[in-house]
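Written below as structure tokens is the structure these notes are about.
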Amino acid sequence: MNTRFAGKVALVTGAAQGIGQAVALRLQDEGAQVVAVDRSPLVHELEGARMLALIADLEQHEECVRAVQAAIGHFGTLDILVNNVGGTIWAKPFEHYQAGEIEAEVRRSLFPTLWCCHAALPHMLEQRKGAIVNVSSIATRGINRAPYGAAKGGVNALTACLAFETAERGVRVNATAPGGTEAPPRRIPRNGQAQSDQERIWYQKIVDQTINSSLMKRYGNIDEQVAAILFLASDEASYITCITLPVGGGDLG
């Protein structure tokens with residue numbers, strides 16, 4: 001069994017489903033003690049001897065602080081932070097978004113990463129070691145998701161700025177930018193409303209553009225996304241910081 005994370009404590013956000021859940025489980029399988037955080041009670045399905053599950057609304061700064069403090073209080077330290085919360089809520093041309101929808105997209109896909117980095121960094125800087133991996137998106141260059149793309153562009157900028165600030169103090173900050181990824185249907189959808197016929201057409205245009213932009217002409221899978229995240233979180237990437245790594249079959253985002 002690979003034990004590259006033995007002795008490490010990791011916090012993974014958005015861990016109840018999809019990529020976040022797979023990251024949390026792989027970290028545990030490879031030796032880490034893990035704090036899995038999500039706003040959904042589904043996250044409690046992951047609870048175990050080396051997995052602490054927490055419900056938190058990470059769009060709120062105080063909830064991010066609570067999650068980080070819980071990780072340190074339960075396991076004694078925090079070595080790895082994987083910021084996975086985010087995802088498109090609506091998919092449509094920009095002129096069709098309402099102002100409140102634009103704000104909701106930015107709150108969902110930028111602020112949890114911003115707040116969790118702010119909460120975790122003081123501890124990592126004090127111990128002079130740590131690895132942060134932010135999950136961005138290739139959608140920073142794409143159609144029908146402009147507010148989400150803008151939020152993930154903010155994640156890319158945050159990643160670079162924090163890497164500049166912290167590299168000489170022992171903390172690495174990187175990001176992955178997933179492309180289209182095949183995943184099981186979400187048990188709790190981001191947008192609870194059924195898609196209209198027009199919305200299905202707009203979303204299909206995203207799928208078509210994503211595949212056409214990929215050199216491999218396909219969607220990836222969750223394991224392909226997890227592998228890149230775990231590499232950047234591991235000591236194997238000890239001389240890597242300040243990158244946003246596209247994981248999209250050649251689509252650079």
Side-chain angles (χ1 to χ4, degrees), residues 3-16 20 23-28 30-39 43 46-86 109-136 154-176 229-244:
T3 57
R4 60 179 163 169
F5 296 106
K8 303 283 189 180
V9 175
L11 189 155
V12 181
T13 72
V23 167
L25 291 171
R26 276 279 300 277
L27 282 165
Q28 179 183 244
E30 296 190 25
Q33 295 172 302
V34 182
V35 181
V37 187
D38 202 283
R39 71 199 309 173
V43 74
L46 303 179
E47 194 111 49
R50 290 190 294 113
M51 180 92 71
L52 173 68
L54 294 176
I55 295 176
D57 179 3
L58 299 179
E59 294 179 21
Q60 310 302 320
H61 180 261
E62 62 272 16
E63 290 284 272
C64 296
V65 171
R66 180 173 67 84
V68 168
Q69 289 177 342
I72 297 168
H74 191 80
F75 290 123
T77 189
L78 180 61
D79 304 295
I80 296 165
L81 170 64
V82 178
N83 286 308
N84 174 68
V85 170
S109 292
L110 174 59
F111 276 91
T113 298
L114 194 73
W115 293 147
C116 283
C117 286
H118 189 254
L121 267 176
H123 177 78
M124 289 183 172
L125 291 172
E126 183 178 4
Q127 68 185 11
R128 298 194 65 82
K129 65 185 178 73
I132 296 173
V133 183
N134 299 323
V135 180
S136 180
V155 169
N156 295 349
L158 173 68
T159 298
C161 290
L162 292 184
F164 270 82
E165 290 185 13
T166 63
E168 294 184 358
R169 294 185 282 170
V171 178
R172 298 185 300 106
V173 188
N174 293 294
T176 65
I229 293 166
L230 264 63
F231 168 67
L232 291 175
S234 75
D235 290 342
E236 296 169 0
S238 59
Y239 196 47
I240 300 174
T241 195
C242 199
I243 68 161
T244 294

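All heavy atoms count here, side chains included; hydrogens, waters and symmetry mates do not. If you read the sequence from its start, that first residue is 1, and numbering goes on from there.
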Determine whether a donor-acceptor pair (N or O, by modelled atom type, separation under 3.5 Å) exists between the side chain of Glu47 and the backbone of Ala53. yes
CG/Leu162 to SG/Cys117 distance, rounded to the nearest 0.5 angstrom? 5.5 Å
Sequence neighbours excluded, the answer for side chain to side chain donor-acceptor pair (under 3.5 Å) partners of Glu59 is Arg39, Arg108
With the side chain counted from C-beta on, respond yes when Phe164 and Val173 share a heavy-atom pair under 4.5 Å apart, and no when they do not. no
Does any N or O in the side chain of Glu63 come within less than 3.5 Å of the main-chain N or O of Asp57, such that one atom is a donor and the other an acceptor? yes
Strictly distance-based, threshold 3.5 Å: is any side-chain N or O of Thr244 a donor or acceptor partner for the main-chain N or O of Thr176? no
Sort and list the pairs that fulfil side chain to side chain donor-acceptor pair (under 3.5 Å) and have at least one residue in residues 158-168, not counting sequence neighbours. Asn134-Thr159
With a 3.5 Å distance limit and no angle check, can you tell me whether Arg172 reaches the backbone of Ile132 through a side-chain donor-acceptor pair? no
Side chain to side chain contact (heavy atoms under 4.5 Å, CB included), that's the test. Do Val35 and Val12 meet it? Break it down for me. CA-CA 6 Å; Val35 181; Val12 181; over 6 Å; no
Do Arg128 side-chain atoms and Val171 backbone N/O form a donor-acceptor pair below 3.5 Å? no
Supply the atom-to-atom distance Arg50 CZ to Phe75 CZ, rounded to the nearest 0.5 angstrom. 9.0 Å
Please list, chain by chain and in numerical order, all residues satisfying salt bridge (Lys or Arg N to Asp or Glu O under 4.0 Å) with Arg4, sequence neighbours excluded. Glu30, Glu236
Using modelled atom types only, decide if a donor and an acceptor are shared between the side chain of Asp38 and the backbone of Val43 within a distance under 3.5 Å. no
Aromatic ring pairing Trp115/His118, orientation class (parallel under 30°, perpendicular over 60°, tilted between): perpendicular
Whether the side chain of His123 engages the backbone of Leu78 through a donor-acceptor N/O pair (distance < 3.5 Å, no angle test) should be reported. yes
State, yes or no, whether a side-chain contact exists between Val34 and Leu52 at a heavy-atom distance under 4.5 Å. no
Would you say that Asp79 contacts Thr77 through its side chain, given a criterion of any heavy-atom pair below 4.5 Å between the two side chains? yes
Are Phe231 and Ile240 side-chain neighbours, meaning at least one heavy-atom pair lies under 4.5 Å? yes
Is there a side chain to side chain contact (heavy atoms under 4.5 Å, CB included) between Leu81 and Cys116? Walk through the geometry before answering. CA-CA 8 Å; Leu81 170 64; Cys116 283; 4.2 Å; yes
Within this structure, what is the CG-CD distance for the pair Leu11 and Gln33, rounded to the nearest 0.5 Å? 13.0 Å
Reported OG-to-CG distance for the pair Ser136 and Asn84, which is rounded to 0.5 angstrom: 11.5 Å
Flag side-chain contact, heavy atom, 4.5 Å: Phe5 against Ile80: yes
Rounded distance [0.5 Å steps], NZ in Lys129 versus CD in Gln127: 4.5 Å
Do Leu25 and Met51 come within less than 4.5 Å of each other through their side chains, counting heavy atoms only? yes
Donor-acceptor contact below 3.5 Å, side chain Thr13 vs main chain Val85: yes
Would you check if the side chain of Asn174 reaches a backbone N or O of Val133 as a donor-acceptor pair within less than 3.5 Å? no
As an exercise, state the distance from CZ of Arg169 to CG of Leu121, rounded to the nearest 0.5 Å. 8.0 Å
Check whether any side-chain heavy atom of Asn83 lies under 4.5 Å from a side-chain heavy atom of Leu58, and answer yes or no. no
